[in-house]
Structure formats: structure tokens, C-alpha cells
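To keep things clear, I will list the structure first and then write my remarks on it.
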Number of protein chains: 2
Amino acid sequence: MTRFASGLTLATTASLIGDVARANILCTLTGGQALTAGELAHHAGVSAQTTSGHLAKLVDAGLITVVKQGRHRYFKLSGPRVADMLETLMGAADLGPARHRPVGPRDEALRRARSCYDHMAGRYAVELAARLEDRGLVVLSDEGGYVTEQGSSFFALIGLDLDQPAARRRPLCRCCLDWSERRFHIGGRLGAALFAHAERENWVARLPGSRALRVTRKGEQAVSGGSWRCEAVEPPAALPRALAISV
Amino acid sequence: MTRFASGLTLATTASLIGDVARANILCTLTGGQALTAGELAHHAGVSAQTTSGHLAKLVDAGLITVVKQGRHRYFKLSGPRVADMLETLMGAADLGPARHRPVGPRDEALRRARSCYDHMAGRYAVELAARLEDRGLVVLSDEGGYVTEQGSSFFALIGLDLDQPAARRRPLCRCCLDWSERRFHIGGRLGAALFAHAERENWVARLPGSRALRVTRKGEQAVSGGSWRCEAVEPPAALPRALAISV
DNA sequence: GCATCGCTTCGGCGCGGGCCGAAGCATCGG
DNA sequence: CCGATGCTTCGGCCCGCGCCGAAGCGATGC
């Protein structure tokens with residue numbers, strides 16, 4: 001008797017994600033890139049017309065947005081909140097008893113390193129986060145994360161831009177529980193800036209048509225190789241040019 | 001072609017929630033109480049046998065757990081993480097364009113005050129949170145929340161137990177974005193303790209068979225009535241017994 | 001023992017919705 | 001102009017699954 005409207009909205013949202021094709025589309029878009037309907041159809045493993053219908057529903061629900069460009073239509077997640085929601089949902093997937101989870105080679109690549117909308121996730125990201133915490137640059141916990149004083153100055157030093165006014169309302173440092181590693185990685189503005197830095201410095205490279213990231217040798221060394229040494233990029237005038245900052 | 005196992009697990013979890021009857025069951029259980037199969041059937045608006053099937057699936061997926069007692073079986077959410085996940089999902093529901101959302105009187109009660117697993121949500125909880133923040137007892141933000149020094153001593157003073165070892169790993173103060181109010185309320189250990197305090201002090205009372213809470217006049221006054229005065233419960237020896245602490 | 005209650009299992013019905021083929025519009029290139 | 005490409009709309013097929021009636025099973029009470 002007590003059917004809440006809340007229950008209904010919950011169901012409609014969830015059933016939107018509860019279709020395999022649509023879930024694949026969303027998973028793919030969680031990589032953070034904008035993709036065309038055709039590419040998404042390919043990833044979802046269904047025909048173009050079917051995909052078109054799915055995309056229409058997702059757009060209508062506000063989960064994804066579309067920009068028209070020439071004769072292509074590019075789709076992307078409508079914001080970080082959607083990505084977070086999806087990862088939360090994925091995290092809830094393994095609350096159940098450890099059941100046979102089919103794991104393809106493709107998934108192994110994802111577990112290693114992947115983009116998660118605008119930051120990184122997977123083993124690599126988790127290790128990076130742990131490293132930063134070890135060195136006292138950030139503090140991560142269930143309660144959320146924050147950047148220490150040393151962290152602030154260090155991130156400024158290596159040229160991370162953490163103060164874009166546009167993104168002001170967004171958390172600086174969010175702790176995401178990594179669904180594959182079940183440990184923390186760093187999201188929020190800091191996470192986005194770290195990802196940008198990692199791409200700029202060639203630590204990781206996006207693999208075409210996938211969320212998976214290739215970790216370069218340089219990227220390896222930067223994080224797990226003894227000490228993360230970061231050759232000062234545009235060092236402040238006061239510092240000697242060649243200074244290698246060990247984190 | 002690139003079908004990730006991740007997409008599949010995402011879909012299975014989501015489709016589990018994506019059924020109206022199951023969503024109603026979950027919504028009801030989000031109240032935090034353990035309910036029998038029969039009660040849940042009533043709330044979901046379907047027959048007992050149908051409900052039984054749904055409950056089996058939810059238990060199997062680990063979203064809810066069951067304890068047998070006499071000839072009843074009591075079901076409850078398997079933990080706060082599930083409740084958080086559901087609220088996150090609800091929050092994503094209104095990313096879309098403002099569409100006609102049927103709002104019954106029942107929902108109005110929920111918007112006013114409801115239990116959210118083990119803490120409070122709705123207008124009342126949001127106001128309470130804002131109050132605590134105004135008085136400098138907690139700091140709430142997108143980044144997560146924390147309890148200030150003054151907050152620590154105050155909460156200790158009024159007898160909130162925030163250090164149960166069992167719940168150690170759980171965040172002390174989580175900021176939940178309230179789906180109905182779109183502002184923060186307080187979750188985590190502090191949220192749970194506040195709810196317990198509010199019940200003990202008769203600020204709110206659970207309405208039978210619903211997540212909705214009735215706010216008593218005392219509860220009103222405590223939060224919105226000028227200043228929140230909290231008659232010292234078991235005051236530390238150093239303080240005069242009759243001291244009314246204005247928050 | 002039998003009756004009742006609470007819940008589960010089984011079987012079959014029916015509808016919703018995902019799927020594709022074919023056709024219909026746009027955009028771009030020649 | 002015409003064809004090719006990218007995407008959408010329309011129609012109809014069909015599978016999956018949510019639903020209930022009926023029966024089964026355990027626990028309680030008399």
C-alpha cells in the first residue's frame with residue numbers, strides 16, 4: 001500500500017542502468033571521453049538503431065549529454081556525479097558472496113590502470129595515492145581526504161592548477177573507494193589535476209577506445225620506483241633549475 | 001565488441017534495484033529497521049509469494065540480510081554502504097529535466113523528516129546540520145565533514161558516544177547530499193549518534209511502518225526555536241547541574 | 001492430533017521492452 | 001545534383017521476467 005514515489009523514481013533510474021547494453025555504454029563513457037553513437041554501439045555490442053534508442057533514454061534522464069558536431073553526435077557523461085554514482089554502484093556489486101566473476105584480459109588492463117571520468121583509478125592510481133599519503137602530502141580516510149600544507153606547496157611547485165574558479169564548488173580531494181582494488185584513489189579537483197599531470201608527463205597514455213590506460217616506464221618509475229622524483233617543471237625562480245624534488 | 005565484465009556486473013546490480021517492487025522494498029528498509037517478509041510485501045504492494053522471490057534475490061546479491069526468529073524472518077539492509085548507495089542513486093534521479101514528479105502526502109512526510117538507515121534525513125536533518133555548522137561544531141562541505149574541537153567536547157558533554165570500537169572504521173562524520181533537500185545532512189557515526197540522541201530526547205519518533213519521522217514540539221524547539229538549548233544530560237562533575245548549554 | 005499462520009516453491013499466464021530489418025532524414029563530398 | 005555516411009524512427013518479433021493461484025513445508029497454538 002505504501003508505495004512511495006521515491007521507490008518509483010529509484011526504480012526508473014536503476015532500471016535505466018540495469019540493461020546490459022546501456023550499462024556498457026555508461027561504463028565506456030566513464031572513461032571521460034566523448035564518443036560518437038557509432039563507437040558506443042560498437043562497444044555495447046548492439047546495432048546502431050538499438051543504441052540510438054538507448055542513448056535517447058540516457059540523455060532524457062540526464063545521465064549523459066550530447067553535442068552535435070557535423071554529422072556526428074558526441075555523447076559524454078553529464079558530470080562527475082554520474083561517474084561517482086556508477087562507481088558506487090559497481091562497488092556494491094561485490095557485496096554478495098564471492099561468486100564466479102568472469103574476468104577477461106580486457107578487465108586485467110582495466111584493473112591495472114583506467115581513467116575514471118577525469119581522474120585515474122585502478123592499481124596504479126591506488127599506489128599513487130598511497131605514495132602521496134606516505135609522504136604526508138595528503139590524508140586519505142573514509143571521512144574524505146584533504147591536502148596537507150606540505151601537499152599544497154608541493155602540488156603548486158610541480159604546476160598543478162587546483163584553483164580554477166569554475167570548479168570551485170567541486171571537492172578538492174575526494175576519496176573514491178576503488179571498485180577493483182577496494183582501496184582509496186584520489187578524485188576531485190586534485191585527482192583531475194594529477195591525471196592531467198600524468199598525461200602531460202607521459203606517465204600514462206589513453207588506449208584508444210577504452211578506459212584502460214597504458215602505464216609507461218616513466219610512469220612506473222615515478223610512482224613505484226624507489227622514490228618518486230619529479231623533475232621540477234617550471235620551478236619557481238628561487239629554486240635551482242635542476243632540482244629533483246623527491247616526494 | 002568490447003563488452004566488459006564490469007558492464008555486466010553493473011547491469012545486474014542495477015537491474016536488481018530497477019524493479020518497482022524491489023525498489024519499494026529497499027526504500028522501506030532504508031528506514032533502518034528490520035521488517036518481516038509480510039510487512040515488506042504490504043509495502044511493496046505485491047503478493048507474499050512474489051515478495052519472497054524478490055527477497056531471495058536481494059539476499060543473494062548481498063544487499064539485504066535476514067535473521068530468522070520464530071516463524072518470522074526479519075530482513076534488513078546489510079549495511080550503511082547499501083543505504084548510501086541507494087541515496088546516491090536517488091540523488092541521480094533528478095539530474096534530468098524537472099519532470100512531473102508525483103508527490104503524495106506520504107512523500108511530504110518523508111521530505112520533512114525521515115530516517116536514513118541509522119541517521120536522519122529530510123528538512124529537519126538538514127536544518128539540524130546547518131545549525132551545528134553555524135555554531136562551529138562541525139564543518140560540512142563537498143569534501144566531507146569533520147567535527148571541530150568545540151564540537152568534540154560538546155558532543156561528549158551531551159553524552160554522544162562517538163568512539164565505539166566496533167564502528168571504528170566507519171566515517172565519523174559523513175556529508176550526505178539530501179535527495180529531497182539537495183543540501184547536506186550528517187551521516188556516519190556522528191549522524192547515528194545524533195539520531196539516537198534525538199530519539200532518546202523525544203525530538204522525533206518513528207512512525208510505525210514508514211521511514212517518516214514525527215517531529216515533536218520539543219524537537220522543533222531544539223533545532224529551530226531560537227537557540228538549541230540542550231539540558232545537560234549527565235554533565236561532567238565540574239559543571240553545574242542545571243546548566244543549559246546553548247549551542 | 002488438527003488448525004492456523006508465515007513463508008517458500010512450482011507452473012503457467014501475460015506484458016513490457018530490448019532487438020533487428022527496413023525506411024526516413026540530415027550532413028558531407030564530389 | 002547524386003551517392004555515401006551517420007543517425008533516427010517505425011513495425012513487428014520474441015525472450016525474459018514479474019505476477020499470481022495452488023500446493024508444500026516448518027513453526028506455533030489448542
Side-chain angles (χ1 to χ4, degrees), chain A residues 1-3 7-29 33-61 63-76 209, chain B residues 1-3 7-29 33-61 63-76 209:
Chain A
M1 266 310 234
T2 317
R3 271 188 228 123
L8 205 144
T9 65
L10 179 62
T12 52
T13 309
S15 64
L16 207 64
I17 310 172
D19 172 83
V20 188
R22 283 194 293 264
N24 275 317
I25 290 174
L26 290 171
C27 269
T28 308
L29 288 178
Q33 292 163 310
L35 299 173
T36 69
E39 291 170 310
L40 290 172
H42 185 245
H43 279 94
V46 292
S47 73
Q49 3 13 327
T50 303
T51 305
S52 177
H54 287 318
L55 291 173
K57 287 179 190 173
L58 292 173
V59 169
D60 183 62
L63 294 183
I64 65 177
T65 56
V66 56
V67 301
K68 213 173 164 173
Q69 209 166 59
R71 56 180 166 187
H72 294 275
R73 299 185 67 197
Y74 288 89
F75 295 88
K76 63 182 186 45
Chain B
M1 264 316 230
T2 316
R3 270 187 229 123
L8 205 144
T9 64
L10 179 62
T12 52
T13 309
S15 64
L16 207 65
I17 311 172
D19 172 84
V20 187
R22 281 194 295 264
N24 275 317
I25 291 174
L26 290 171
C27 270
T28 307
L29 288 177
Q33 293 163 310
L35 299 172
T36 69
E39 291 170 309
L40 289 172
H42 185 246
H43 280 94
V46 291
S47 73
Q49 42 310 14
T50 302
T51 305
S52 177
H54 287 319
L55 291 173
K57 287 179 191 173
L58 292 173
V59 169
D60 183 63
L63 293 183
I64 66 178
T65 56
V66 56
V67 301
K68 215 176 163 169
Q69 209 165 57
R71 56 180 167 186
H72 292 275
R73 299 185 67 197
Y74 287 89
F75 295 87
K76 63 181 185 49

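Keep in mind that the numbers below use all heavy atoms, side chains included, and drop hydrogens, waters and symmetry copies. Note on naming: letters A, B, ... go to the chains in the order of the sequence lines (proteins, then strands), and numbering restarts at 1 for each one. All values reported here derive from a predicted model rather than from experimental measurement.
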*Assign A/Thr36 to base, sugar-phosphate, or nothing according to its heavy-atom contacts below 4.0 angstrom with the strands shown.*
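Result for A/Thr36 = sugar-phosphate.
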In whole Å, what is the span from the [atom1] atom of [X] to the [atom2] atom of [N]?
| X | N | atom1 | atom2 | value |
| --- | --- | --- | --- | --- |
| A/Glu39 | D/dT5 | CD | P | 17 Å |
| B/Leu55 | C/dT9 | CG | P | 11 Å |
| B/Asp60 | C/dT8 | CG | P | 14 Å |
| A/Asn24 | C/dG18 | CG | P | 14 Å |
| B/Arg73 | C/dC5 | CZ | C1' | 16 Å |
| A/His72 | D/dT8 | NE2 | C1' | 16 Å |
| A/Ile25 | C/dC19 | CD1 | C1' | 13 Å |
| B/Tyr74 | C/dG6 | OH | C1' | 11 Å |

Which donor-acceptor pairs under 3.5 Å do the side chains of residues 47-57 of chain B make with protein atoms, sequence neighbours left out?
residue : atom : partner : partner atom : Å
B/Ser47 : OG   : B/Gln49 : OE1          : 3.1
B/Ser47 : OG   : B/Thr50 : N            : 3.4
B/Ser47 : OG   : B/Thr50 : OG1          : 3.1
B/Thr51 : OG1  : B/Ser47 : O            : 2.8
B/His54 : ND1  : B/Arg22 : NH1          : 3.1

_List the residues meeting side-chain hydrogen bond (donor to acceptor under 3.5 Å, both in side chains) with A/Thr12, not counting sequence neighbours, and say none if there are none._
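Applying side-chain hydrogen bond (donor to acceptor under 3.5 Å, both in side chains) to A/Thr12 gives none.
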Could you check if a side-chain atom of [X] sits within less than 4.5 angstrom of a side-chain atom of [Y], using non-hydrogen atoms only?
| X | Y | answer |
| --- | --- | --- |
| B/Leu35 | B/Ile25 | no |
| B/Tyr74 | B/His72 | yes |
| B/Val46 | B/Asn24 | no |

*Has the side chain of A/His42 got a donor or acceptor atom that lies under 3.5 Å from a matching backbone atom of A/Gly38?*
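Between the backbone of A/Gly38 and the side chain of A/His42 there is no qualifying donor-acceptor contact (under 3.5 Å).
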*Could you run through nucleotides 17-30 of chain D and give me one letter per nucleotide, 5' to 3': B if any protein heavy atom sits under 4.0 Å from the base, S if only the sugar-phosphate is that close, - if neither?*
-SSBBB----BB--
